[in-house]
Amino acid sequence: MEVNIGSFYINSGNRKFTRSAIALALSAILPIGLSHAQEVKELAVSQATAQTEDSYKVDQSTSDKYPLPLLDTAKTITVISQSVMKDRNVDNLRDALRNVPGISMAAGEGGAPPGDSMSIRGFDASNDIFIDGIRDLAGYSRDTYNTESIEVSKGPGSTTNGRGSAGGSINMQTKTAKLEEFADVTARIGTESDYRATVDFNTKLGEQTALRINLLAEDGDVAGRNNVSNESQAIAASLMTQLTADSNLSLNADVLNQDNVPDYGIPWVSDVSEGPLAAYANSTPPVNFDNFYGNLYRDFEDIDAKSFTLKYENQLSASTKLIAKARTASVDRVNVVTAPRFISVSDSTDVRMSDEKTRDTSNSINIVQVDLQGTYVISGMTHNVVAGTEFAKEKFERWGYVALVADNLNDTPVLNDLFDPNPYLEFTGQYGRDGSRTFADGTGKAVYVVDNIELNSQWIVGLGLRWDDFDTEYHNDSADLASYITTDSKELSWNANISYKPSQNSTIYVSAGTSFTPLASDLTGGVSGNQNNANPEKNTSIELGSKWELFKGRAIATAAIFQNTKIDGSYRDADDRNLYYFDGEQKVTGLELSVIGQVTDELSVTAGYTYQDTEVVNDLDDNVGLSLARSPKNSASLWARYDFNDQLAAGLGLEYVGERNNGNTSTSRTADSYTLFDMMVSYQATEKLSINLNGSNITDEDYVDQLGGGHFIPGTGRLITLGATYSF
């Protein structure tokens, strides 16, 4: 058998090839000598140079595990570029995801403020958020001040991401140091007494070393929500040095502090047949959507998030690259939040103040990832291989946070007026730790390999395997921490796909894959009844899609039909809430369409549409046939920017989200559909100074954004902002 490694090429799509562990394995497995291979193309380590992203279209995934261009990657992947985020005035992850239909938001429960809690293709993705390819724990609101781009990958993805990823995953790519000199200072004010200021400063410390600093200061009220406010301060630093021509080392640090007034929104009206709110059963009450039912003397939220990441890259040979990453990170959160609940919906409209929720938690992770990337030509076929391993230690801690001095709002109890709530009711209590603590430890180990094989210029076959071993220990008895419950999940995940390229600028593909979600996936701790007997939930997916580069390669259009199926899901017995069944099944079938890029020299667009038909296939009898929580059948987004000349540009956008339910049961509440409109005017005053006027929800639409079990959170109201950026 003759094997030739080398003789590979870079096509017009600027495809980057690297090599990986398969080369090392081939020398031992096959009767060949790799030392005689002809290597004709040197693949340099990622160079630390500035990359100005002026286009909405992005050609390459932010993940090291997808080595092919997005055009040739057999999966629905949307990358939100920095230019889109700048034009749309994006400050946080939730705002950015408005550009990707098929993602819906959830409200916080059990004392956890909402944070970045969401569903993708009908399945919870709150624990499937990654930063630079590493899982980011905890449900807090992620800012984008230090974000280069955001990637949404849809469909089960445990082969690339490990546990979870039932409906998809999100990766935030951070800003890193470049061997350039630049600085951008941005200041913005808005109609909600809000301000936001950021600094992005990059400097060379030598011929091979650079430092980049990003700063954030933000404070202001939330548009459309009385008394709700957010305040943030953050700093991110990236230090990079090129050790040799073939290797570099970087150290990144990110510290974020938030001081917020948490918001649990407005109470749902329950399934009631009589009383003053009977006409609104299982729906929203007839109140102003800016009503706030918390207490400003009692409610607060403090968040402290830190991460430190070390990354090493080494071009081992012309076509083999080593990428090693290590991170330690933590998120600490303390909060008291009032959950709005009716005192008795059958005969009253009063809202009680006694349903306060507290949370004093810490999530932490220490993780190491090592990848080998490689590209080889073997018998005329090009293998694009990524092989790697991962080891992680995770921890979740929760302290008892209680009323140390009697809470008069709870003990009386005090009632609030549904139609005219008072956020300044007298509060004489005091909250703090009571000395109790529960915690959960998680240990994850994984090995994986993915190979995308270019059989010839028209056919590509992709194969991937990942083996995960995820163990947890739950210490749920604060009086006896030596007593704990263990779970152990060992799972093999896979994906497979085949692509046909009718032309160089198009791809038609079919793909299939799996994911698994163990009971202890998010390490929140605590099981009840027979829950600890549960096997991981399993998801399978099949997707048929096509991607086409249009308008001379400046835009990409995608279309895909898909079906995701979850099996081995858990659900409670109707009578005994401590008894669980583990044969639940749910199914999502859908269609996705998108166009991103430049249509003409003047017009840039990012547009998408998602249809998804969700169904509970097996559950309690009353729930079978119902749709999944927070899963609208139809959703769409559109943003278009038009450049009148080199100085003046304008943008207009819309977002449509269809009707949704807050649960999968026969008593679920329904949120109406809504349509929002946004606008932008940009003026390049000088070569260095740009001015932006942005408006979001310019029609001031009242709508339900985040759905919870007993409450919902209205979306932000009309907000007009004026900002300026000066570049040095």
Residues two or more places apart in sequence or in another chain: which of them pass side-chain hydrogen bond (donor to acceptor under 3.5 Å, both in side chains) with N564?
S541
Which residues pass the salt bridge (Lys or Arg N to Asp or Glu O under 4.0 Å) test with R135, sequence neighbours left out?
D128
All salt bridge (Lys or Arg N to Asp or Glu O under 4.0 Å) counterparts of R188, not counting sequence neighbours:
D91
N99 vs T606, test: side chain to side chain donor-acceptor pair (under 3.5 Å). Steps then yes/no.
CA-CA 7 Å; N99 293 280; T606 172; 4.9 Å; no
Scanning both residues in full, the closest heavy-atom pair of Y280 with V269 reads O-CB, 3.2 Å
Kindly write out the residues that satisfy salt bridge (Lys or Arg N to Asp or Glu O under 4.0 Å) with D304, not counting sequence neighbours, or none if the list is empty.
K306
For the residue pair Y264 and H711, does the interplanar ring angle fall in the parallel (under 30°), tilted (30 to 60°) or perpendicular (over 60°) class?
parallel
Who pairs with N230 by side-chain hydrogen bond (donor to acceptor under 3.5 Å, both in side chains), at least two apart in sequence or on another chain?
none
Is the closest side-chain donor-acceptor distance between N161 and S169 under 3.5 Å?
yes
Could you list the residues that satisfy side-chain hydrogen bond (donor to acceptor under 3.5 Å, both in side chains) with E602, not counting sequence neighbours?
T600
Distance-only donor-acceptor pairs under 3.5 Å for side chains of residues 716-724, two or more places apart:
from : atom 1 : to   : atom 2 : distance (Å)
R718 : NH1    : I698 : O      : 3.0
T721 : OG1    : N89  : ND2    : 2.9

What residue pairs, at least two apart or across chains, pass salt bridge (charged side-chain N to carboxylate O under 4.0 Å, His left out) with a residue in residues 279-295?
none
Sorted by chain and number, sequence neighbours left out, side-chain contact (heavy atoms from CB on, under 4.5 Å) with L296 holds for N227, V261, F292, P423, Y424
With sequence neighbours excluded, residues passing salt bridge (Lys or Arg N to Asp or Glu O under 4.0 Å) with D299
none
Listed by chain and number, what are the side-chain hydrogen bond (donor to acceptor under 3.5 Å, both in side chains) partners of N664, not counting sequence neighbours?
none
What's the shortest heavy-atom distance between I129 and M118, and which atoms?
CD1-CE, 4.1 Å
Only pairs at least two apart or in different chains count here, so list each ring pair (Phe, Tyr, Trp, His ring centres under 6.0 Å) that has a residue in residues 129-157.
none
